[in-house]
There are 2 protein chains.
Amino acid sequence: MSDVAAAVGVSPMTVSRAFRRDASVSLKTREKILETAAALGYVFDSRASTLRSQKTGFVAVTIPSINNANFADTVGAISAELAQSDLQVLLGYTNYDLDDEERLIEQLLRRRPEALIVTGGSHSAHARTMMSNAGIPVVQMWDEPQDPVDMVVGFSNGQAMQLMVRHMIDQGRRNLVFLGGDDRSDVRGAERREGFITAMRSAGLPADRLVDTGTPPVSMHQGALAMQQALRQYPDLNGVVCVSDLSAFGAMSECQRQQVPVPDQVAIGGFGAYDISGQSVPEISTVEVHSKEIGTRAAQAALAAINGNATQQDRIQNVVPVLIPRASTQRD
Amino acid sequence: MSDVAAAVGVSPMTVSRAFRRDASVSLKTREKILETAAALGYVFDSRASTLRSQKTGFVAVTIPSINNANFADTVGAISAELAQSDLQVLLGYTNYDLDDEERLIEQLLRRRPEALIVTGGSHSAHARTMMSNAGIPVVQMWDEPQDPVDMVVGFSNGQAMQLMVRHMIDQGRRNLVFLGGDDRSDVRGAERREGFITAMRSAGLPADRLVDTGTPPVSMHQGALAMQQALRQYPDLNGVVCVSDLSAFGAMSECQRQQVPVPDQVAIGGFGAYDISGQSVPEISTVEVHSKEIGTRAAQAALAAINGNATQQDRIQNVVPVLIPRASTQRD
DNA sequence: CTGAAAGCGCTAACAG
DNA sequence: CTGTTAGCGCTTTCAG
């Protein structure tokens, strides 16, 4: 920066101002400075800027996995919303593992983000402490924690799944099996399975037909394998409720391979409103959880808190899931 | 850091060493320091560390879109590979736009990454200049640029698509239509379409049957719409070649809705070896481009160059695409 | 094994 | 509209 200043014949301070588009630098001077900088191949150093001004210009975001269209939508929406305030996203993956998440959160906080947006409401004790003490706004999303760290933009995965189960029951399906819901790491998957159990019990139906699909991320292939097992184990089944649209599609493909008519013999319900559930034949009933809306509102809440004008309404927001009934659960 | 030092009764320098696990700090002192730091809620500031040591500990990566399983696989592999050398990924999205990419690259370079890994081989003039002058290793991936900036890990999208076209022709399909290939922004899509044209011409077949699917990212829905148009416009078609497995799946679903048998009446070929093409019924023939392998090798090349021991073989690497023939293009 | 001095490249605060 | 001074929180370097 001092090289540029010397070349133009001004002080480094003026160069600094020119780069920040500070109004108090004359337009002519600024242009000359930017031109000279470009000619010299000078690249502004954000690290130093960040250290001195105590503004890093980014918001840290954690998601379980990069390869999940729902979280990708959420992150995309966060990016878009933050970009309007010249903030960037610093993204990290937890691999559906609370220890990984703890390490990740520490790494992210070391870079001094201006806010932290995390997926989920369950964390290791140390991670919780770090978030509480970070002195920045924290948003938990995609869940409804009992005891929020700070702000929340989410929904109850259990209640959302109950929408689907009740729909299936309303359609006359009583022999239902749940596919998915890993206890060890996929917290939201386990909550959805609990939702299945709750809804079945309230209807006085057997709630113990559960097939584990294995470790997350949930895949189409896992759904196919689980369906194989379900058809073998519960020959009278007339509906499966899946933890995700991806496993639902895998399950439906398995039915097609085994000549099991969907929905005539077996109804199939998914979760998450992925593209696939709206494009397959037949289309798969699902639960729309508004991934983008969650991202937009999480970013808005973080921004409001950063600017010190977060209202009480910003702090705990419920984004209401909606059932989307389609052909896979309804006879003509 | 000086607070921690004071609390323990050592100098800040010793605290600094303890945090870096420098061997020259006694184990007992180190433990006491780390405990005290945790108790005080101290969080190490990477920015200052980074500024002074000139090592940021991260590698910048650009991809067109977060919501694409192929690029997600590549980024996942890069992350995993870099983690072994204690490097993190700083990720950015170009939205398939060269101007956005230019801005993004500037933003990323301002944070002084130790290497830059970009998707694609076409860039704005200014972006190229910035990359060349950055003084760090640059890897272009997912493409085979004529005039590389520095290192390359990729493949020819055109040749890869020719594999599929020749396979379709070998299967006796001659009335082929290409779905996809946006000129304006999706460089690799356009290259794949060129591959279609080249392969058709070499076979002496009409190469002008092209249906645009619109702006990227390519979606299943785009594929369905394009298939509608193709069936209307070219009633004699017996095969469609799609720019991506996603549009291929959309096209196949459209055929199912219109009672057009696949592959008996129309063969369908995809690209990219997404999960969907291996799970659908029938399974969709595709081209495996080894998304993870590209990421692993790009990261390895970047690491080698950072450590100053990149061989000539590391510099330009071809990851050979492989045709995966499946039911969607082959009669029993 | 530990410490003191100096400085990474920028900007806040104040002055003109 | 422009400049000067000091310092953000760490680590390099040199010294013990």
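First the proteins, then the strands, lettered A, B, ... as listed; each starts at 1.
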- Message: Across nucleotides 11-16 of chain C, 5' to 3', mark each nucleotide with B, S or - according to how protein heavy atoms within less than 4.0 Å reach it.
- Response: BBB---
- Query: Applying ring pair (Phe, Tyr, Trp, His ring centres under 6.0 Å), which residue pairs with at least one partner in residues 11-44 of chain A are found, sequence neighbours left out?
  - Reply: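 For residues 11-44 of chain A: A:Phe19-A:Tyr42, A:Phe19-A:Phe44.
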- Task: Please collect all ring pair (Phe, Tyr, Trp, His ring centres under 6.0 Å) contacts where either partner lies in residues 64-112 of chain B, sequence neighbours excluded, each pair once.
- Result: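 The answer is B:Phe71-B:Trp142.
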- Positional range of nucleotides in DNA chain D within the contact set of chain B, heavy-atom, under 4.0 Å: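 Footprint of chain B along DNA chain D, 5' to 3': D:dG9 to D:dT13.
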How would you list, by chain and number, every residue that makes a side-chain contact (heavy atoms from CB on, under 4.5 Å) with [X], sequence neighbours excluded?
X        : result
B:Ala6   : none
A:Ser124 : A:Glu102, A:His126, A:Ala127
A:Asn67  : A:Ser65, B:Ala69, B:Ala72, B:Asp73
A:Thr311 : A:Gln313, A:Asp314

Return a table of donor-acceptor pairs under 3.5 angstrom between the side chains of residues 296-305 of chain B and protein atoms on other chains or two or more places apart.
unit_1, atom_1, unit_2, atom_2, d
B:Thr296, OG1, B:Lys292, O, 3.1
B:Arg297, NE, B:Gln317, OE1, 2.8
B:Arg297, NH1, B:Glu293, OE2, 3.2
B:Arg297, NH2, B:Gln317, OE1, 3.1
B:Gln300, NE2, B:Glu81, OE2, 3.4

- Applying salt bridge (Lys or Arg N to Asp or Glu O under 4.0 Å), run through B:Arg128 and B:Asp147 and close with a yes or a no. CA-CA 11 Å; B:Arg128 267 196 81 95; B:Asp147 180 21; 3.6 Å; yes
- Item | Of all pairs that satisfy side-chain hydrogen bond (donor to acceptor under 3.5 Å, both in side chains), the ones with a partner from residues 112-123 of chain A, not counting sequence neighbours | A:Glu101-A:His123, A:His123-A:Gln140
- Message: Just to be sure I understand the geometry, which residues of residues 25-32 of chain B put a non-hydrogen atom under 4.0 Å away from DNA chain D?
- Response: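 None - not one residue of the stretch has a heavy atom sitting under 4.0 Å from the strand.
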- Can you sort out the partners of A:Asp99 under side-chain hydrogen bond (donor to acceptor under 3.5 Å, both in side chains), two or more places apart, ordered by chain and number? none
